[in-house]
Number of protein chains: 2
Amino acid sequence: MTISTPILLTQAEIADLRKEFGRTSLMGKTIAAHINELQDFMRLPIDVPGHGEAGGYEHNRHKQNYTYMNLAGRLFLITEQQQYADFVIALLEEYADKYLTFDFHVQKNTNPTGRLFHQILNEHCWLLYTSLAYSCVSQVMTPAQRTRIESQLFEPMLEMFTVKYAHDFDRIHNHGIWAVAAVGICGLAIGKREYLDMAVYGLARNDTGGFLAQISQLFAPSGYYMEGPYYHRYAIRPTCLFAEVLNRHMPEVDIYQYKDKVIGNTVKALLSTAYPNGQFPALNDASRTMSITDMGVQVAVSVYCKHYGIDDNLLGMAKIQDRVWMHPCGLALSRAFEQAQAQADIGIPFWPSVELNEGPDGTHGAQGFIRMQDKKGDVSQLVMNYGQHGMGHGNFDTLGITFFNRGQEVLREYGFARWVNVEPKFGGRYLDENKSYARQTIAHNAVTVDEKCQNEFNVERADSVHGLPHFFSVDSDVIAGMSAFANQHYDGLSMQRSVFMLALPELESPLLIDLYRLAGDGEHQYDYSHQYDGQIIRTNFDYVCHQEVSTLGHDNGYQHLWHIASGKPSGTALVSWLQQQTYYTWLGTSSNEHSEIVFTRTGANDPSFNLRSEPAFIYRTQGQSTLLASVLETHGYFNEEFEQSVNARGKVSNIKVIGHNEYASVVEITTSESTVTLMVSNQLSTPTSEHSVTFNHKTYQFSGHYAVEITAIKQEK
Amino acid sequence: MTISTPILLTQAEIADLRKEFGRTSLMGKTIAAHINELQDFMRLPIDVPGHGEAGGYEHNRHKQNYTYMNLAGRLFLITEQQQYADFVIALLEEYADKYLTFDFHVQKNTNPTGRLFHQILNEHCWLLYTSLAYSCVSQVMTPAQRTRIESQLFEPMLEMFTVKYAHDFDRIHNHGIWAVAAVGICGLAIGKREYLDMAVYGLARNDTGGFLAQISQLFAPSGYYMEGPYYHRYAIRPTCLFAEVLNRHMPEVDIYQYKDKVIGNTVKALLSTAYPNGQFPALNDASRTMSITDMGVQVAVSVYCKHYGIDDNLLGMAKIQDRVWMHPCGLALSRAFEQAQAQADIGIPFWPSVELNEGPDGTHGAQGFIRMQDKKGDVSQLVMNYGQHGMGHGNFDTLGITFFNRGQEVLREYGFARWVNVEPKFGGRYLDENKSYARQTIAHNAVTVDEKCQNEFNVERADSVHGLPHFFSVDSDVIAGMSAFANQHYDGLSMQRSVFMLALPELESPLLIDLYRLAGDGEHQYDYSHQYDGQIIRTNFDYVCHQEVSTLGHDNGYQHLWHIASGKPSGTALVSWLQQQTYYTWLGTSSNEHSEIVFTRTGANDPSFNLRSEPAFIYRTQGQSTLLASVLETHGYFNEEFEQSVNARGKVSNIKVIGHNEYASVVEITTSESTVTLMVSNQLSTPTSEHSVTFNHKTYQFSGHYAVEITAIKQEK
């Protein structure tokens with residue numbers, strides 16, 4: 001047995017961290033916060049409980065135990081307080097005494113079970129953090145203590161993960177990163193370097209498994225992770241931790257340069273999906289509230305800054321995080337932040353717009369993120385999914401969009417139907433309503449055809465298709481847009497969605513413009529749905545509020561929607577609502593003659609109150625090939641507390657479809673001061689393609705993917 | 001014409017304020033914030049618009065004009081920047097040129113109309129603030145400018161208020177305070193002191209009108225204002241402003257000592273209603289979001305601190321306000337705050353529990369406010385209305401309660417159905433649903449009998465009755481409670497509600513205990529309703545979610561409630577929900593054999609989406625004389641972003657009714673560690689009354705209003 005030294009810290013680095021203790025730097029605040037949290041937890045008696053419910057006390061306690069051991073190990077080194085080492089040692093000894101007396105959990109889903117947790121994923125986490133903690137304190141343990149902990153706890157775990165569950169160890173999956181990182185770090189912690197080799201190169205040492213295979217195969221060339229940011233941020237923590245371990249203990253891999261900097265690339269891809277307030281869009285069946293303040297993202301930002309460089313947007317993120325990773329990487333960020341702050345106030349991040357391709361070679365569609373800043377500095381962000389179905393639990397919402405500004409998601413993603421770690425809600429697991437509602441097309445800001453889900457809610461079929469990018473054009477300050485096709489998601493129908501943000505001088509914020517075209521055989525019903533939040537302020541049509549309310553349909557999510565009200569607009573429909581302090585006015589139309597606006601609310605057929613009660617409105621129309629077109633204006637200000645309201649009505653007065661065919665779509669938008677004509681190519685085109693279409697005896701010519709013409713309206717006297 | 005000097009500031013005081021400019025004191029922050037706001041507004045071209053919609057641009061612009069003139073006047077003196085004086089002068093000249101060219105608005109409700117606004121109330125406000133502004137800048141105006149403004153603007157306004165609308169000037173009403181303060185201050189500003197006399201003593205100078213009559217008659221002896229805190233905070237600003245004017249210009253009145261310090265008394269009464277986060281309970285048909293950060297309350301807190309003294313709770317309020325009145329009164333508070341903060345961190349206010357009597361002589365019932373602090377310092381606040389019907393627009397909710405802790409209202413008040421200043425929502429006026437829903441008994445946390453509103457929604461009848469206080473007992477650290485009767489609110493039924501907060505060592509927060517007794521003739525249906533917010537987590541009974549949803553009833557607010565689900569508990573019902581980061585578990589029962597829990601949501605028969613969609617649950621039972629009893633436990637913690645959940649189930653397991661009769665009620669509550677027996681007198685009793693009642697062959701004896709016995713449960717091995 002060799003006495004291990006701290007895996008992630010040198011003596012000099014520890015001394016540097018110690019200097020931040022008591023300061024108001026990000027690192028100083030981080031250390032102080034961690035001490036507080038740890039002290040709170042250490043007041044409880046030590047407890048290593050047996051089996052319990054998922055999400056219940058036992059589960060949480062094991063998680064807390066590893067979380068606080070991980071902090072205590074480093075805090076022992078930084079503060080030189082023996083109590084923190086004693087805490088780790090006492091708790092590890094208790095685990096060592098009990099671990100092998102616990103049987104394996106009874107398996108309830110496809111995940112193999114551990115002795116502490118229902119799925120070995122959690123046991124991997126446990127091993128990773130406690131191994132790091134052990135490496136910090138083993139120098140002050142007796143040989144007997146070390147033997148006991150290694151032989152009764154760490155070695156059986158390593159055996160379990162690499163022998164009993166060998167089939168799982170090399171699987172390419174976000175869980176796999178936790179597995180290899182845990183095994184590699186534990187191997188280092190107990191002086192068995194063969195486990196590090198196994199973790200890096202796979203059990204067979206032939207590149208079909210192990211960390212290098214994982215990071216080579218899990219991410220698209222863009223760095224995007226197909227399950228979306230929520231799961232990406234879960235995988236990013238062991239990715240970055242283990243990268244930093246390899247940087248220190250296997251320098252020959254040159255991990256931060258590996259595969260064209262895949263580590264930095266994927267961290268940057270993750271960060272570039274975040275909304276301006278730091279929350280991640282809930283793409284692909286995920287939590288709505290996960291954000292960059294997650295500990296894993298803190299580690300990722302610190303690692304990125306140390307090894308790939310720092311810019312204003314990263315500093316803006318660090319400001320939202322208000323913490324750094326308690327490690328030399330975090331110290332580098334903390335120091336840079338301190339310097340920058342001395343020069344000027346650090347603002348909210350304004351990441352460049354980015355299209356993140358999907359699939360192993362980047363050809364399976366993409367996720368598009370467009371951002372535009374208004375005159376006051378607020379950032380509007382538009383997200384469109386035209387990529388892959390994101391694995392087994394993924395949503396069926398290709399061409400779905402979300403829209404964010406003024407600190408809130410406006411066109412909203414419901415997120416998953418799941419109350420993570422809330423034990424009375426099905427142990428915190430996915431709820432039935434995740435399948436029956438949250439993953440269905442109608443739950444998203446998309447078009448549902450004939451009340452059916454895309455790909456008939458068939459995962460295999462969904463996995464076999466993907467979106468087809470058309471253009472992603474973000475070079476202009478006036479207009480930015482993206483367009484994509486999804487031609488295989490409904491039988492016999494091709495779909496194209498083109499979304500833009502347009503800056504007009506008379507508008508407070510960029511105008512969202514949306515052209516959704518569906519073409520194919522036969523007549524269909526199109527439900528163009530908008531998930532909003534807040535209070536309806538006005539409409540430009542009458543509607544009937546139903547006295548008795550039934551569901552909007554019977555299947556594909558419709559069974560969960562109360563049909564609250566509906567009305568038939570003559571011409572373009574206007575729906576305006578107030579969300580928190582901002583008014584939004586939506587104007588929608590189509591190439592069809594008739595339409596109906598249906599107001600819905602989730603909550604029907606929800607026998608355990610598992611759904612949140614949320615409103616939506618649907619522009620419903622029937623037709624053959626159809627162009628649906630809408631604008632969304634952000635305007636005004638309301639403050640209930642101060643009883644202030646300004647510009648409650650907005651300035652956009654109309655949108656109409658001039659025409660659409662297989663070559664192009666043309667719409668015209670009218671504001672109080674301008675007429676805007678937008679022409680979009682409906683065929684895959686290049687920036688130099690020439691287009692000419694004629695509608696109502698008028699010919700529209702343009703080159704490139706699209707064109708916009710803005711004409712000032714002459715003011716009448 | 002005399003050149004007026006600043007009405008509210010001396011040269012020495014101005015110099016003192018100037019010293020705070022640029023500092024980080026509360027006054028320094030206030031000055032900086034006001035300069036920012038004013039600069040923003042001054043960038044707009046000057047505009048004095050004509051008539052417009054209530055809540056529309058014109059209305060708002062006139063309000064902004066007076067608001068910013070009021071700031072600019074003082075900022076001119078404090079900063080010595082001529083631009084601020086120029087702004088006031090230019091704008092006043094524009095008003096002077098236009099004012100008499102505007103006709104009177106067309107009258108749409110009972111309020112007389114002005115030339116600028118739909119109701120003269122707003123024109124009073126305009127005059128008050130601009131007169132103050134004028135007094136700050138008239139020294140740098142030309143005689144011609146002064147003449148023009150006084151003769152074409154101020155004098156016609158004074159004439160209008162005291163001659164044309166003389167009948168309204170002496171009316172005792174919160175609007176009347178604005179009228180007299182405006183007239184008095186304007187009189188001083190233009191050197192016509194007779195208007196000050198009129199404002200103080202009434203038109204007839206005989207004490208039937210004027211400021212002294214207003215403040216003598218508007219408030220109960222407790223200082224409570226019958227329309228509730230929302231309207232009180234609106235009246236408090238002119239009250240305090242004009243008091244300060246009289247303090248300076250009519251010292252013989254000795255205004256701050258007048259009528260046993262009625263000014264200080266009523267300010268303190270207002271402040272003592274606020275929730276720990278500074279928001280006012282929306283008592284009596286009011287906004288849910290009004291808080292102590294309102295400018296009027298800032299003025300009131302500053303005036304109170306200067307003339308009546310400062311304590312920790314006032315400092316706590318100043319901390320929430322983060323501003324002071326830009327006046328020597330505010331400077332006194334700012335300095336005290338600075339000193340106190342140098343000693344120790346200033347915490348959230350923890351006002352003592354208080355019972356505020358109602359009516360001119362304090363005999364028309366009361367409003368009760370009980371507060372209790374938990375181990376972590378969080379304050380739980382329980383509010384019960386057992387006073388008067390609060391004037392024409394008041395709610396019908398005598399014995400209604402609200403409950404607040406952990407920064408949120410838990411048993412919630414819907415507040416008024418009104419979107420103040422939101423022009424497209426009926427000009428920001430009261431909506432029809434205010435009568436049809438928000439003021440009805442079923443909209444509150446109360447018991448609705450036979451689906452009828454209290455007092456049959458008859459204002460005259462409601463005005464003729466009031467609650468009858470029984471006890472208000474807040475001396476113990478373990479239990480605090482209040483009890484009252486409402487015997488005239490339903491024909492043939494007397495009602496008593498007794499509510500308590502009980503601190504038990506095993507519970508995180510005080511337990512809310514509620515005993516609601518109804519006695520009288522015949523059998524009735526009792527709907528014991530609970531307005532909550534959040535997500536239902538679990539129940540202890542099965543319920544049916546309806547496939548088709550209809551309204552719970554046809555009248556008295558029931559027509560607005562969707563009947564979402566219902567179930568029949570066997571024995572005590574349990575409903576547990578998650579609101580933001582806290583779990584709440586409610587256990588309810590009654591002396592009747594059968595009961596049903598009905599889950600509702602507002603929004604039915606709401607043809608303009610005027611209502612907010614909010615959930616409630618109703619414990620429904622039928623019986624003759626009945627005791628309804630419940631507890632509400634606050635427990636656990638959930639953080640969705642960090643995916644943490646602890647103690648999702650709580651520790652209280654049961655409440656049962658032992659018995660009740662005309663003499664007393666006895667209930668028993670069981671937690672994981674204790675059995676609690678609570679005995680309450682059902683007859684008006686004194687602290688030394690002796691009671692003895694026998695239920696199920698067991699005799700319960702106690703003295704005073706109530707008694708509680710807590711027995712530890714022996715833990716089984």
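Order of the sequence lines sets the chain letters (A, B, ...), proteins ahead of strands, with each chain counted from 1.
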K375(A) atom NZ, neighbour heavy-atom count above 12 within 6.0 Å:
yes
Pick one of side chain, backbone, both or neither for N610(A), based on which atoms fall under 4.5 Å of a heavy atom in chain B.
backbone
Contacting moiety of W577(A), where chain B heavy atoms sit under 4.5 Å
neither
Which atoms of R538(A) are under 4.5 Å from chain B, going by heavy atoms: the side chain, the backbone, both sets, or neither?
side chain
One should read off an interatomic distance between H59(A) NE2 and S645(B) OG, to the nearest 0.5 angstrom, of 10.5 Å
Which portion of Y637(A) sits near chain B, non-hydrogen atoms under 4.5 angstrom:
neither
Could you tell me which portion of T293(A) (side chain, backbone, both or neither) has an atom closer than 4.5 angstrom to a non-hydrogen atom of chain B?
both
Contacting moiety of F426(B), where chain A heavy atoms sit under 4.5 Å
neither
Would you mind telling me which of G56(A), G534(A), S550(A) has the largest number of heavy-atom pairs within less than 4.5 Å of chain B?
S550(A)
For the candidates S613(B), A604(B), S287(B), which exhibits the highest count of non-hydrogen atom pairs separated by less than 4.5 Å from chain A?
S613(B)
Under 4.0 Å between a side-chain nitrogen and a carboxylate oxygen: does that hold for R288(B) and E640(A)?
no
Within the supplied structure, the quantity of interest is the number of heavy atoms (other residues, nucleotides, ligands) at a distance under 6.0 Å from D40(A) CG; does it exceed 12?
yes
Region of H563(A) in contact with chain B, defined by heavy-atom distances below 4.5 Å:
neither
Report the distance from atom CD of E641(A) to atom CZ of F280(B), rounding to the nearest 0.5 Å.
10.0 Å
Distance, nearest 0.5 Å, that separates CD1 of I537(A) from OG of S608(B)
11.0 Å
Of the backbone (N, CA, C, O) and the side chain (C-beta and beyond), which part of D606(B) lies under 4.5 Å from a heavy atom of chain A, both, or neither?
backbone
Where on L578(A) is there a heavy atom nearer than 4.5 Å to chain B: the side chain, the backbone, both, or neither?
side chain
Find out whether Q644(B) and K63(A) are in side-chain contact, i.e. whether some heavy atom of one side chain is under 4.5 Å from a heavy atom of the other.
no
Comparing D294(B), V422(B), N60(B) against chain A, the one with the most heavy-atom pairs below 4.5 Å turns out to be V422(B)
Sub-4.5 Å side-chain heavy-atom contact between M290(A) and E643(B):
yes
Within 6.0 Å of CD in E37(A), more than 12 heavy atoms from elsewhere
yes
Is the shortest side-chain heavy-atom distance between Q547(A) and N605(B) below 4.5 Å?
yes
At a heavy-atom separation under 4.5 Å, does R61(A) approach chain B through its side chain, its backbone, both, or neither?
neither
Does N421(A) form a side chain to side chain contact (heavy atoms under 4.5 Å, CB included) with F638(B)? I'd like the steps, not just the answer.
CA-CA 9 Å; N421(A) 286 329; F638(B) 175 65; 5.6 Å; no
Between the main-chain N or O of V646(A) and the side-chain N or O of Y57(B), is there a donor-acceptor pair closer than 3.5 Å?
no
F609(B) backbone acceptor or donor facing Q535(A) side chain under 3.5 Å:
yes
Nearest heavy-atom neighbours spanning A648(A) and P424(B):
CB-CD, 3.6 Å
Among C545(A), S576(A), G428(A), who wins on heavy-atom pairs under 4.5 Å with chain B?
C545(A)
For the backbone of I536(B) and the side chain of K425(A), can you confirm whether one donor and one acceptor N or O come within less than 3.5 Å of each other?
yes
Would you give the length of the straight line joining atom CG of N639(B) to atom OG1 of T289(A), rounded to the nearest 0.5 angstrom?
7.5 Å
